Each structure stands twice: as structure tokens, then as C-alpha cells.
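Structure first, then comments.
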Number of protein chains: 2
Amino acid sequence: MPNSFTPQVAGDLNYLKSLNRSTILSTVRRSPGLSRADIALQTGLTKATVGSVVQALSEGGWLREGELHSRGGGRPGRALYLDGDRHYMLGAEVGVKGLRLVACNLVGEILASLHQEVSPTTPEATATRLAELLVQLRQDPALGGRSCLGLGVSVPGPVSPRAPILRLAPNLGWTDIDFLALLREQPDLPGGVWLLDNEANAAAFGEFYFFDGVPPESIAYISADIGIGCGVVSGEHFPVVPRGYQGLVGEIGHTVIQPGGAFCHCGNRGCAETLVSGWALREALNVEPEASLSAAVQARADEEAVQALIQRAGEALGLLMLNLHHTLNPSMLILGGSLMRLEARLIEPALAYFHDHQNDLLRKSQSVPIKIIEDSTFTAARGAAAQVMARAAIEV
Amino acid sequence: MPNSFTPQVAGDLNYLKSLNRSTILSTVRRSPGLSRADIALQTGLTKATVGSVVQALSEGGWLREGELHSRGGGRPGRALYLDGDRHYMLGAEVGVKGLRLVACNLVGEILASLHQEVSPTTPEATATRLAELLVQLRQDPALGGRSCLGLGVSVPGPVSPRAPILRLAPNLGWTDIDFLALLREQPDLPGGVWLLDNEANAAAFGEFYFFDGVPPESIAYISADIGIGCGVVSGEHFPVVPRGYQGLVGEIGHTVIQPGGAFCHCGNRGCAETLVSGWALREALNVEPEASLSAAVQARADEEAVQALIQRAGEALGLLMLNLHHTLNPSMLILGGSLMRLEARLIEPALAYFHDHQNDLLRKSQSVPIKIIEDSTFTAARGAAAQVMARAAIEV
DNA sequence: CAACTTAGTTAACAGTTTTTACTAATCAGC
DNA sequence: GCTGATTAGTAAAAACTGTTAACTAAGTTG
């Protein structure tokens with residue numbers, strides 16, 4: 001059964017080696033502390049192969065040896081971990097409200113970060129500013145002695161699945177921008193893998209790749225911000241983000257859940273975004289773009305109309321979660337984005353709606369775990385960095 | 001980039017060989033008539049490798065040589081085709097209205113078929129009856145001299161992604177049925193690959209795998225029958241059907257598109273199925289289960305209420321297609337199922353809604369091709385057979 | 001402290017694709 | 001009709017992969 005590491009066309013011995021190296025790396029990523037013997041058992045490879053691959057990966061700065069741990073009799077195994085001290089990846093989010101940058105290591109720890117809360121203007125000016133910030137970030141002493149694997153950039157709109165091109169960013173007014181090409185014209189940027197992806201996809205990838213705990217089978221990450229997007233990830237050793245033919249997978253903010261409802265900026269009516277999204281709530285509450293939405297809601301929390309508005313938004317979010325479940329059926333739902341700052345006011349009605357409207361199909365199954373990310377400031381940037389690591393790992 | 005043929009864990013030389021054999025087979029399936037040199041060019045393998053693999057595949061009854069075709073100067077290449085004369089696959093659909101069986105060859109041609117239009121009763125009795133029909137089908141002289149690669153069975157409900165178990169078939173009243181195990185108790189059945197899958201998934205796979213013409217990048221097959229289901233397929237050489245954590249991918253009939261709308265048999269309200277589905281229309285029109293829905297609609301075509309009902313159903317279908325597009329974004333939509341017998345009455349409003357409610361994201365792209373299958377009697381059965389072939393091809 | 005058990009390494013091995021050289025078959029031009 | 005150029009396909013040697021089998025290393029247990 002092929003997955004996301006099957007070669008584009010056919011495989012040679014190089015591909016085979018790369019495949020097994022990546023599988024071993026991923027096995028350690030998902031279960032830190034395994035010994036060579038454990039890895040051989042889990043992957044089906046022989047001890048000999050695992051031994052030689054682990055040696056190569058250690059020399060390359062990907063793995064490090066840890067403590068011994070004995071299990072009953074016999075020689076104790078040497079624990080293996082991803083080496084967090086020798087490489088790092090850069091991740092950046094070009095968001096509607098500003099630029100956010102991180103540098104993180106192989107275990108997903110953020111070593112250094114920057115953010116500038118000023119809305120981007122033109123693509124060119126944004127690329128210039130981002131390049132400056134990247135140079136600044138790379139001078140952070142926390143990165144000393146490490147080598148850079150590459151750069152991932154996330155953007156607020158669908159990216160073409162066949163080329164790293166931003167197709168449309170409605171909230172920036174950008175269309176068909178080859179942002180990486182603009183960035184490449186800037187000085188002093190690192191080499192390595194360069195990637196561009198949608199914000200929700202990048203965030204979803206990062207939450208899946210660097211999942212803290214027993215990794216889920218698949219996730220859907222709902223990004224509730226100015227607009228509503230969604231990224232999906234699945235795949236044990238080689239996580240795959242389905243993008244669809246035009247990069248529109250997960251554009252759930254523009255699924256219609258109220259036919260004939262309010263007009264949406266997309267040109268349609270009754271989209272989910274007209275009920276639950278940063279722009280819809282700001283519009284309904286007359287909140288200026290610079291002001292804080294959550295603060296405005298907090299301030300007017302006594303007004304019944306405001307309560308009803310947020311309640312309806314939460315229910316719409318719950319309905320979206322249900323529909324998503326019947327269409328993509330992930331094993332875990334993750335909610336993130338700045339709308340999470342509305343906290344229980346929004347989240348409780350969403351969860352209540354989700355649980356109260358389960359149908360027979362869902363009731364038969366165990367309930368879907370839902371994880372909420374309160375602060376997703378660097379989620380997308382870190383996710384973009386994670387994508388760089390995943391790509392670099394198969395290109396070692 | 002891995003896909004659906006990446007091994008479960010890691011790969012050895014056997015896996016590599018199997019991968020390349022499958023890739024070559026798939027290359028010929030997608031472009032019949034290629035020469036060994038063409039294949040080498042397309043796959044990146046060397047002529048030597050392609051030559052030896054093609055020889056093995058020819059001896060195994062998978063490929064046959066065709067005519068010579070010269071392109072300009074030089075020795076002409078020998079055209080290669082899938083061999084339709086030496087193997088066949090069995091496919092069966094356990095449907096709400098009866099059993100349908102096909103035997104088809106490697107190019108997707110139906111060599112023999114059977115159908116029995118009697119609703120299944122118990123799983124045991126159905127397995128017995130299906131086994132009898134399979135024995136009868138295999139005696140068809142059109143299958144003479146061929147060997148059987150295996151059997152695929154499609155069922156009207158979600159199948160667990162981790163085991164071939166039918167989880168729930170609401171319209172049959174079946175729950176958690178290991179149908180293949182029941183079938184295995186029957187005498188005189190073939191060996192080889194045995195598979196169980198959801199009806200919409202099987203149909204989608206078949207339409208993708210045996211696509212007539214230039215193969216699309218991905219498809220969503222909407223099965224509009226008693227209920228509404230949907231199967232998704234993508235992947236060039238190794239088509240993948242996403243199933244989700246509980247096999248609920250594509251259960252779009254139970255996405256809510258009218259909050260607070262009519263009650264659905266699933267226990268929820270406002271599901272798409274309450275507006276467009278065989279059961280909803282039959283209920284609204286008081287059509288007996290044995291009678292023909294399309295005939296009833298035809299007979300009462302003058303009534304305004306009937307026209308409005310079908311119009312609303314078509315619009316709901318169009319809305320489902322739009323939402324699907326914003327969630328899964330396939331490169332082609334295929335509509336099938338018995339509801340297609342309502343023809344223009346249903347299809348025209350669906351297409352009109354779909355085209356009239358495109359938003360900016362979609363308008364930027366070229367429009368999605370939509371293919372309509374008027375007669376999908378054997379679509380799911382043939383699709384199940386296609387899945388057998390795909391599996392057998394990687395296990396050769 | 002000897003026997004046992006498990007972890008990890010080493011060298012010979014089997015099997016894969018590639019490389020290189022070759023043969024086969026057709027076309028173009030004289 | 002022949003020669004040379006060109007492309008298709010094959011054969012044997014080479015390079016590289018993971019496996020096998022034997023070994024060493026390092027603990028625990030009696």
C-alpha cells in the first residue's frame with residue numbers, strides 16, 4: 001500500500017535507502033528513546049541495517065545517543081533521540097495582521113522567534129521585510145553552531161498544489177504571487193529546502209508532526225481566524241497533507257451551511273464564514289481592524305445581542321466540525337486561530353452543538369478527541385518549519 | 001514524496017521490485033500501447049530493467065505485445081497492452097435492492113454479469129445466495145481459460161478502515177458484519193485477493209482506475225441512490241481511497257445543509273439526505289419500496305408540487321457538490337446511482353446551482369468537469385473488481 | 001563467577017538496478 | 001539496393017542495497 005513516500009515514478013536503490021533512513025528517523029520521532037533493536041523490531045529491518053543507518057544519521061546530526069536502559073536480562077539498549085542541537089529549521093507566517101518567524105529544532109522546540117504586528121502591504125515590500133527579519137533571527141545566539149535545513153513560509157490563502165504559488169489571498173488583496181521567488185532576490189538568506197504552503201495546512205502539519213504524546217492516526221486542524229480554514233494530515237511515517245486539484249482542500253469557511261443566508265465576501269451566500277469568522281464578528285460588532293476582537297467582546301459581554309451572536313457563531317463552528325467529520329473523518333480535531341481567544345463563550349456552544357447533534361454513525365464510534373490551542377501565535381510558522389524538516393529528512 | 005505504495009514500515013529489495021513492477025503495469029494501464037523505451041522514459045527506469053520486468057509480466061499474463069509503431073527513423077517499438085485474455089477479477093455489489101455480480105478483465109471490460117433484484121434479508125442468507133451466484137457466474141463460457149485474481153465485494157455502508165468489516169448498513173439493518181468470513185464458509189469459491197468496501201468507494205475506485213480517456217488527477221464519485229454517499233480517489237500509479245479513521249470519509253448525505261430542517265433517519269436534522277435521496281423522495285411521493293421512483297415521478301410530472309420537490313432536490317445536490325469542492329477539491333466530479341434515472345429533472349437544477357453559486361476561489365480556476373453516469377447498475381461491482389486488480393498487481 | 005540473555009557489529013551473501021557494450025530493425029539519402 | 005544514422009531492445013559486468021549468520025559486548029540471574 002503506497003503512501004506519500006512512494007516515488008514520483010519508480011524507485012532505484014537510492015530511493016530504497018532514503019526510504020529506510022526516513023522511516024527510521026520517523027520511528028524515533030514518534031517514539032523517542034527507542035534502541036536500535038527496538039527500531040529493527042518495529043520497522044522489520046534487520047539489526048545490521050538499522051545499525052548502519054543509525055550511524056550515518058548520527059554523523060549527519062539527526063540522531064543522538066542517550067542513556068542505557070535495560071529490560072530484564074541481557075545487554076541494555078542505547079536510547080536514541082532526535083538530535084536537537086545540530087540543525088534548525090526556519091518557519092515564517094505571512095499573516096493578515098503581521099509577520100511571525102520561528103527557528104526550531106528537530107524536536108519542535110522553538111529556539112528563537114520574532115513577530116511584527118503590522119499588516120503586509122505589497123508582496124515585494126513584505127518579502128523585503130521578511131528577509132530582514134530572517135537575517136535578524138538567524139543571528140540569535142540560541143542558534144549558534146547549528147546548521148539550517150531550510151525555510152518554510154505559510155500564507156493566508158490557497159497555494160497551487162503543483163507549484164509553490166499563492167493563488168489568492170483575499171484579505172491581503174494578493175493574486176498569483178510567487179512569494180518564494182520574491183524572497184530569493186533578497187540577500188543573506190539560507191539555502192536548503194524552501195517551501196510555501198497555506199496557513200492552515202502548515203499549522204496542521206506542525207501539530208501532527210510534533211504532536212506531544214501518542215500520535216493520532218490523522219487530524220483536522222481548524223484555523224478560526226479572520227477566515228475559517230482547515231488543514232488535514234494523515235500518515236504514520238510520511239504525513240500527507242491532501243491539497244486537492246487547486247489547493248482548495250479544507251476551505252470549509254466557504255461551505256454553505258445556511259442556503260440563502262447572509263452575503264459573503266467570496267461572492268456567495270450562506271457560507272460558514274458569514275456566521276463564524278473574525279471578519280463577520282468584527283463587522284457585526286463594529287470592531288476596527290486594529291482593535292482587539294476579544295477585548296471588544298469582553299467589554300460588551302453583558303449585551304444580549306452580543307451573547308446571542310457569539311452563541312450562534314459557536315454553534316456554526318460545531319456544525320462545521322460535524323460536517324467535517326462526515327466528509328474527512330479525522331481521528332482528532334484540533335481548534336486553533338485567534339478566535340480561540342474568545343474562549344468558553346465560543347468554544348462551549350461549539351462543543352455542545354458537536355456533541356448534541358451526533359448521529360447514529362458517530363454514536364456507534366468512540367467520540368472524537370478535540371484539542372484546543374489557546375495561543376496559536378507561532379503554530380503556522382512552526383508548522384512550516386516542520387514541513388521543511390520532513391522534506392529534508394527524505395533528501396538527506 | 002510517498003504515496004499509497006510506501007511500505008507499511010520499511011522496504012527491502014523485494015519491495016523495490018514489486019514497486020517497479022506495479023509502476024510499469026500502471027504506466028501501461030494509463031497509456032496503452034507504450035513501448036519498452038517509452039516506459040523507461042516515463043518511469044525513469046533503465047531500458048534493461050524495463051525489459052526484464054516486462055518479460056516477467058508477459059509470462060505472468062499481465063501484459064501482451066501489440067503492433068510495431070515507428071516514430072521517424074530507427075527501429076520501431078513494440079506496443080504493450082494489458083492482457084485482457086488471461087486473468088479476470090470478480091466483483092459483487094450487495095445492494096439494498098439486490099445482488100449484482102460481474103467478472104471483468106484487466107482492461108475493465110465486463111466479461112460476464114448477473115443480477116438478482118431481491119432485497120437481502122440476513123447476512124448469512126445473503127452470503128449463501130451470493131456464493132451460489134458466484135459459482136454460476138464463474139461457469140460462464142466467456143471466462144474460459146482465464147485465471148481468477150480474486151473477489152471484491154461492495155456493501156451499502158461504512159467499512160472499518162482497519163479490518164474488512166461492515167460497520168453499519170442502515171437500509172439493511174445490519175451492524176458489524178464480517179461478510180467475507182460468512183462468504184468464506186461457502187463452497188466452491190475462488191482464492192486470491194478478497195476485499196470488502198463501501199459501495200461509493202468501490203464505484204469511485206473503478207471509475208478512476210478504468211477511466212476511459214486521459215485519467216483525471218483525482219475524482220469524487222457521488223453515489224445518489226437510497227442514500228447519498230461519496231467516494232474519493234487520487235494517485236497516479238497507486239490510487240488511494242481515503243477512508244478516514246472510522247471509514248466515514250464521504251458520508252456527505254449526513255452533512256447538515258439546513259440547520260433545524262427535517263428529521264433524518266440518522267437521528268439528526270437537516271441532513272442533505274432529507275432533501276435529496278431515494279428514501280426522502282419516495283417518502284415525499286409515497287412510492288412503495290418495490291415500485292420505481294423514476295416511473296412515479298414521470299407519471300406525476302405535471303404536478304407542480306412534484307416539480308418543486310425534484311427542483312429542490314437538484315439544488316440540494318448542487319449545493320452538496322459545491323461544498324464537496326471546497327472540502328475535498330477533486331479534479332473531476334462523477335455523478336452516479338439510481339437517482340440519475342430522474343435525468344434532466346434532477347440534474348439540470350443541480351448543475352445550474354453548482355454553476356450559479358461559484359465563488360471567487362472557484363471562478364479563478366477552470367471549471368470542474370462533471371461526468372454523469374446514466375446507468376450505474378454494475379459500477380460498484382466493477383469497481384470492487386478493479387480494487388482486486390490493483391491489489392493483485394502489487395502482490396504479483 | 002559461570003550461565004544466560006539481549007544489544008550491537010562484522011563480513012560474506014543474494015538480489016536489485018545501473019552501466020556499458022552490443023545486436024536488431026527501420027528510415028533517409030545516394 | 002546499399003550505406004549510414006537512429007532508435008529499440010538485450011546481455012553481461014558492475015555497483016549498491018538489505019539480509020544472513022557468526023561474532024563480540026554488556027548487562028542480569030542463579
Side-chain angles (χ1 to χ4, degrees), chain A residues 5-24 27-28 31 33-59 63-81 394 396, chain B residues 5-24 27-28 33-59 63-80 394 396:
Chain A
F5 196 65
T6 319
Q8 215 61 8
V9 278
D12 57 7
L13 293 169
N14 273 328
Y15 162 74
L16 188 58
K17 179 138 206 182
S18 169
L19 169 71
N20 287 340
R21 192 171 38 217
S22 296
T23 302
I24 287 173
T27 305
V28 176
S31 317
L34 292 183
S35 67
R36 290 163 177 80
D38 296 331
I39 296 172
L41 216 67
Q42 282 199 22
T43 60
L45 295 166
T46 60
K47 289 191 298 175
T49 305
V50 172
S52 75
V53 171
V54 164
Q55 189 184 351
L57 286 171
S58 300
E59 285 165 5
L63 291 180
R64 66 175 176 84
E65 296 196 322
E67 77 290 355
L68 288 171
H69 45 72
S70 54
R71 283 189 288 264
R75 173 175 168 179
R78 178 68 69 177
L80 295 170
Y81 298 93
I394 68 178
V396 168
Chain B
F5 196 64
T6 320
Q8 218 59 9
V9 278
D12 58 6
L13 290 169
N14 271 330
Y15 161 75
L16 188 59
K17 179 146 205 180
S18 169
L19 169 71
N20 287 341
R21 191 172 40 215
S22 295
T23 304
I24 288 173
T27 306
V28 176
L34 292 182
S35 68
R36 289 164 177 79
D38 295 329
I39 296 172
L41 216 69
Q42 284 199 20
T43 60
L45 296 166
T46 61
K47 288 192 297 174
T49 305
V50 173
S52 74
V53 171
V54 164
Q55 190 184 350
L57 287 172
S58 300
E59 285 165 4
L63 292 180
R64 66 176 176 83
E65 296 196 321
E67 76 290 353
L68 289 171
H69 46 71
S70 53
R71 285 188 288 264
R75 171 176 168 178
R78 179 67 71 177
L80 295 169
I394 68 178
V396 167

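All values reported here derive from a predicted model rather than from experimental measurement. Sequence lines set the chain letters: A, B, ... in the order given, protein chains first and strands last, and positions in each chain run from 1.
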Footprint ends on DNA chain D, 5' to 3', for atoms under 4.0 angstrom from a heavy atom of chain A, come out as D:dC16 to D:dT28
First locate atom CG of A:Asp38, then atom OG1 of A:Thr43, and finally report the distance between them rounded to the nearest 0.5 Å.
-> 10.5 Å
Closest-nucleotide 5' rank along DNA chain D - winner of A:Asn14 and B:Ser35 | B:Ser35
Sub-4.5 Å side-chain heavy-atom contact between A:Lys47 and A:Arg36 = no
Atom CG of A:Asp38 and atom C1' of C:dG8 are separated, to the nearest Å, by 12 Å
Roughly how far apart are A:Leu80 CG and A:Ile39 CD1, rounded to 0.5 Å?
-> 5.0 Å
Taking distance alone, no hydrogens or angles, what donor-acceptor pairs closer than 3.5 Å link side-chain atoms of residues 48-57 of chain A to residues at least two apart or in another chain?
| unit_1 | atom_1 | unit_2 | atom_2 | d |
| --- | --- | --- | --- | --- |
| A:Thr49 | OG1 | A:Thr46 | OG1 | 3.0 |
| A:Ser52 | OG | A:Thr49 | O | 3.1 |
| A:Gln55 | NE2 | A:Glu59 | OE2 | 3.3 |

Which whole-number value in Å describes the distance from A:Arg36 CZ to C:dT10 C1'?
-> 14 Å
Rounded to the nearest 0.5 Å, how far does OG1 of B:Thr23 lie from CD1 of B:Ile394?
-> 10.5 Å
Give a yes/no answer on whether the side chain of B:Asn20 brings an N or O atom under 4.0 Å of OP1 or OP2 in C:dT17.
-> yes
The reported gap from CD1 in A:Ile24 to CG in A:Leu34 (rounded to nearest 0.5 angstrom) is 11.0 Å
Taking all heavy atoms of B:His69 and all of B:Gly33, pick out the closest pair and write down the distance.
-> NE2-O, 2.9 Å
Contact state string [nucleotides 18-30 of chain C, B base, S sugar-phosphate only, - no protein heavy atom under 4.0 Å] | BB----BBBS---
Nearest heavy-atom neighbours spanning A:Ser35 and A:Gly77 | CB-CA, 4.0 Å
Starting at the 5' end of DNA chain C, which residue's closest nucleotide do you reach first, B:Ser52 or A:Ala37?
-> A:Ala37
